[in-house]
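The next block holds one structure in the form of structure tokens; read it before the comments.
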Amino acid sequence: MWLQTMPADQAERLRDEALRHPAAAEGVSYPDWYFKRWHFLPEGYLSERSTTLYDRVIRPVYWAGSEGRVARLIARWLERTGARRVLELAPGPGRLLARLSERLPGVEFRAVELSPYFVAGTRARRGNAAVVHGDARRLEQVAGVFDAVIETHYVGHLPAEERGLAFAAAVRAARPGGSIVTVEHRWHAWPVPPGVRTAAVRGAGFSRVTFYRRDAGQEAQP
């Protein structure tokens with residue numbers, strides 16, 4: 001929508017500031033489509049002001065009271081599938097990561113987030129080891145590493161041409177037989193590559209929670 005369009009001079013300034021942010025990792029770049037006033041936030045996800053507004057105002061409205069139910073569904077799935085290493089993609093302020101870590105203290109949780117402002121907030125909440133600054137579409141270094149990969153309101157919100165790439169990256173990060181868990185609004189869709197099957201689907205408010213398995217694996221019901 002045009003109201004979310006970001007002027008070029010503002011985008012250039014925010015790019016420069018993001019590259020200099022203390023939480024920014026060297027070599028991380030930002031695609032042009034990222035410079036958007038997501039949810040009508042003044043600087044999208046590229047300022048402390050906007051990410052704080054997202055956490056305090058947009059997130060509670062967006063989840064419509066379903067955040068706790070989603071956390072319980074995912075936690076039960078991780079327990080039943082025996083997941084021990086879990087990666088969350090684009091965790092934003094890290095609220096789900098914190099909930100899951102509290103419920104499953106024996107599980108090793110990691111996350112990849114593109115906004116250095118969200119990275120800083122999540123690190124303050126979960127510690128430096130919990131989240132790294134990076135592009136969740138680029139997970140070649142962790143291919144086949146995780147028992148489960150989680151994305152909430154991420155893949156379905158990307159530009160249509162990016163969704164297949166992002167979901168395929170999540171699949172590759174899961175080990176054979178591992179899980180990919182998506183939480184998206186019911187009207188969002190993306191291509192599912194071969195070798196991945198839907199194991200269960202659950203509703204939660206305006207969201208749909210889908211549990212995928214990579215390759216053949218034992219069924220588990222959340």
Side-chain angles (χ1 to χ4, degrees), residues 1-24 28-71 88-99 111-126 131 133-138 150-167 169-170 182-190 203-210:
M1 297 176 61
W2 68 270
L3 288 173
Q4 297 193 71
T5 301
M6 183 177 291
D9 58 343
Q10 182 187 25
E12 183 177 359
R13 174 177 60 80
L14 293 176
R15 188 191 302 270
D16 290 342
E17 291 174 357
L19 290 172
R20 296 194 302 269
H21 191 279
V28 174
S29 60
Y30 301 88
D32 290 340
W33 53 258
Y34 195 67
F35 294 89
K36 179 179 175 181
R37 290 172 174 164
W38 303 95
H39 307 295
F40 308 104
L41 295 166
E43 296 85 28
Y45 301 140
L46 287 170
S47 77
E48 184 175 354
R49 173 176 68 168
S50 281
T51 52
T52 299
L53 281 171
Y54 176 86
D55 189 26
R56 295 180 179 177
V57 179
I58 304 299
R59 180 185 57 82
V61 173
Y62 206 69
W63 281 92
S66 65
E67 198 170 14
R69 172 168 167 72
V70 167
E88 185 179 4
L89 306 181
R95 298 291 182 179
L96 177 64
L97 191 69
R99 285 176 182 261
V112 178
E113 168 60 53
L114 186 55
S115 168
Y117 300 91
F118 275 143
V119 170
T122 300
R123 285 178 175 173
R125 188 172 293 112
R126 296 300 309 156
V131 58
H133 181 224
D135 189 336
R137 301 170 304 156
R138 306 282 184 262
I150 300 168
E151 69 84 8
T152 62
H153 297 297
Y154 162 57
V155 171
H157 292 71
L158 296 175
E161 65 274 13
E162 296 288 339
R163 296 177 186 178
L165 175 66
F167 188 72
T182 66
V183 182
E184 294 286 353
H185 292 316
R186 301 170 189 272
W187 50 87
H188 288 159
W190 53 86
F206 297 123
S207 299
R208 179 177 57 214
V209 186
T210 306

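Scope of the values below: all heavy atoms of this structure, side chains included, with no hydrogens, waters or symmetry mates.
A pairwise comparison of heavy atoms in L19 and V28 identifies CD2-O, 3.8 Å as the closest pair. Between S207 and R186 the shortest heavy-atom distance is O-NH2, 3.5 Å. V70 and W63 make their closest contact through CG2-CZ3, 3.5 Å (heavy atoms, listed as atom of the first residue, atom of the second, distance). What you find for S66 and G205 is that their closest heavy atoms are CB-N, 4.0 Å. Between A120 and H21, the shortest heavy-atom contact is CB-CE1, 3.9 Å. When all heavy atoms of P7 and T5 are compared, the pair lying nearest together is CD-O, 3.8 Å.
Not counting sequence neighbours, the partners of R20 by the side-chain contact (heavy atoms from CB on, under 4.5 Å) test are D16, E17.
Within the model, atoms CG of D135 and CG of L165 stand 8.0 Å from one another, a figure rounded to the nearest 0.5 Å. With rounding to the nearest 0.5 angstrom, the CZ atom of R138 is 7.5 Å from the OG atom of S29. Distance check, rounded to the nearest 0.5 Å: OH of Y62 to OG1 of T152 gives 10.0 Å. Atom CG of L158 and atom NE2 of H188 lie 10.0 Å apart (nearest 0.5 Å). Atom CE of M6 and atom NZ of K36 lie 10.5 Å apart (nearest 0.5 Å). Summarising the geometry, atom CD belonging to E48 is positioned 11.5 Å from atom CZ belonging to F118; distances are rounded to the nearest 0.5 Å.
Y154 places none of its side-chain heavy atoms less than 4.5 Å from the side chain of T182. Side-chain contact check for L96 versus I150: some heavy-atom pair is nearer than 4.5 Å. For the pair R59 and P93, the minimum side-chain heavy-atom distance is below 4.5 Å. Contact of the P116 side chain with the L46 side chain is registered, since non-hydrogen atoms from C-beta on lie closer than 4.5 Å.
Put simply, the side chain of T122 never gets that close to the backbone of V119: no donor and acceptor are under 3.5 Å apart. E113 places no side-chain N or O within 3.5 Å of a backbone atom of L89 that could act as its donor or acceptor partner. Side chain of E88 to main chain of P91: no donor-acceptor pair is present (N/O by atom type, distance under 3.5 Å, no hydrogens or angles). A donor-acceptor contact shorter than 3.5 Å links the side chain of S50 to the backbone of E43.
Between R137 and E162 there is a salt bridge, with a side-chain nitrogen of the basic residue lying less than 4.0 Å from a carboxylate oxygen of the acidic one. Classification of E67 and R95 as a salt-bridged pair fails, no side-chain N sitting under 4.0 Å from a carboxylate O.
Within 6.0 Å of the CZ atom in R56, the count of heavy atoms belonging to other residues, nucleotides or ligands does not exceed 12.
Here the two rings, on Y45 and Y117, have centers that are 6.0 Å apart or farther.
Between the side chains of H157 and E184, at least one donor-acceptor pair of N or O atoms lies under 3.5 Å. Neither side chain, H133 nor S115, offers a donor N or O lying under 3.5 Å from an acceptor on the other. With hydrogens and angles left out, the side-chain atoms of R15 and Q10 include no donor and acceptor closer than 3.5 Å.
Each of L41, T51, L53 was scored for a side chain to side chain contact (heavy atoms under 4.5 Å, CB included) with I58, with one residue passing: L41.
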side-chain contact (heavy atoms from CB on, under 4.5 Å) between R208 and V183, intermediate numbers included: CA-CA 6 Å; R208 179 177 57 214; V183 182; over 6 Å; no
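In this pair, W190 and F167 present their aromatic rings tilted. The plane angle is within the 30 to 60° band.
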